[in-house]
K.L.:
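First the structure, which I've put down as structure tokens, then a few questions once you've had a look.
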Amino acid sequence: MRYETIHNQQIPKIGFGTWTIGGQGTSDLTKDEKSLSALRAALEMGYTHFDTAEGYAAGHAEELLGRAIREMGLRREALFITSKVSPEHLQYEDVLRSCENSLRRLGMDYLDLYLIHWPRMGMNLGEAFRALNQLAHEGKVRNLGVSNFNLKLLKQAVALCQTALLTNQVSYSIPDRTYVKNGVLEYCQQNDILLTAYSPVKRRNIKSNPTIRAIARLRGVTPQQIALAWLTTQPRVITIPMSFNPQHQAENLRAADLILSASEMEQLA
Ligand SMILES: NC(=O)c1ccc[n+]([C@@H]2O[C@H](COP(=O)([O-])OP(=O)(O)OC[C@H]3O[C@@H](n4cnc5c(N)ncnc54)[C@H](OP(=O)(O)O)[C@@H]3O)[C@@H](O)[C@H]2O)c1
């Protein structure tokens, strides 16, 4: 595994997403066995960075992640756990409550990273950060960040965050350059902020893209691994693919060690 070294921390270039673990917008208990076995497989093969949210399966994704980690007897310090506060909970008291609830569901006493999941029209970002800064001060969260923030909002968040804002988690992949075009990637790279790319392999046109396929064939890897390596070859970019399939999970994990050449990056530009 390669790591991004930032603010004296080492963050794995590839982590594991948990959207659809335990359900989607609501919990679906019929998916528990499938979800737990996906999490166990990921933990066993060496994923250490897990991305979850209070909104995933209405908190059930956090419960299942905490359960899988406990059952495997893993040391908490060996893991990097991210969770997120939902946009409807950005009032001061609500942020504090949401964090307590996430910690309880995970069965943990701190989060490595806590994000605002989405900005909300009319939100009071100052109020939200007053609570987030307090959580960081109390040691309940080790790092703060945001998600789906455009450049203007990201700059506001940086100004309000009393610690170094660790990341903006956004949709980023070979077919989706929204956060390159709006200047967020460049700002992150110039200001020591990680860009965490979500939905890195989801789009169907990754598999069918002839350039990705040609590079994958020459390298003897899959198009999805090239899509992940394209992200992790970029400075300050990490990513969090999700898969229920242990073979895909292993391929995704190995993609962190694949560094694309300047010419391959050029072909995919
Ligand atoms: N902050 C936000 O607003 C936000 C939004 C969306 C997502 N996220 C986070 O980002 C994580 C990842 O994003 P995502 O789940 O939307 O998309 P993704 O990880 O890009 O794609 C997941 C899909 O790709 C398939 N897949 C994964 N690896 C594969 C491989 N090596 N080969 C072939 N197929 C593969 C999976 O199917 P199989 O199970 O069959 O492998 C699954 O259907 C989420 O789980 C979540 O934690 C955050």
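For the numbers below, each heavy atom of this structure counts, side chains included, while hydrogens, waters and symmetry mates do not. Not measured: the values here are computed from a predicted model. Note that ligands are numbered from 1 as they come in the structure, with each ligand's atoms numbered from 1 the same way.
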K.L.:
Please evaluate residues Gln224 and His248 with respect to the criterion side-chain hydrogen bond (donor to acceptor under 3.5 Å, both in side chains), reporting the C-alpha separation (whole Å), side-chain torsions for both, the decisive distance (0.1 Å), and the verdict.
P.N.:
CA-CA 9 Å; Gln224 286 82 2; His248 292 166; over 6 Å; no
K.L.:
Any chance the rings of His49 and Tyr3 have centres within less than 6.0 Å?
P.N.:
no
K.L.:
Is the gap between the ring centers of Tyr172 and Tyr179 under 6.0 Å?
P.N.:
no
K.L.:
List the protein residues in contact with ligand 1, where contact means a heavy-atom separation under 4.0 angstrom.
P.N.:
Gly17, Thr18, Trp19, Asp51, Tyr56, Lys84, His117, Trp118, Ser147, Asn148, Gln169, Tyr198, Ser199, Pro200, Val201, Lys202, Gln224, Ile240, Pro241, Met242, Ser243, Phe244, Asn245, His248, Glu251, Asn252
K.L.:
Indicate yes or no: does Asp109 engage Lys140 in a salt bridge with an N to O separation below 4.0 Å.
P.N.:
no
K.L.:
With a 4.0 Å cut-off on N to O distance, would you call Arg76 and Asp112 a salt bridge?
P.N.:
yes
K.L.:
Only one of Glu63, Glu62, Glu100 forms a salt bridge (charged side-chain N to carboxylate O under 4.0 Å, His left out) with Arg105, so which one is it?
P.N.:
Glu62
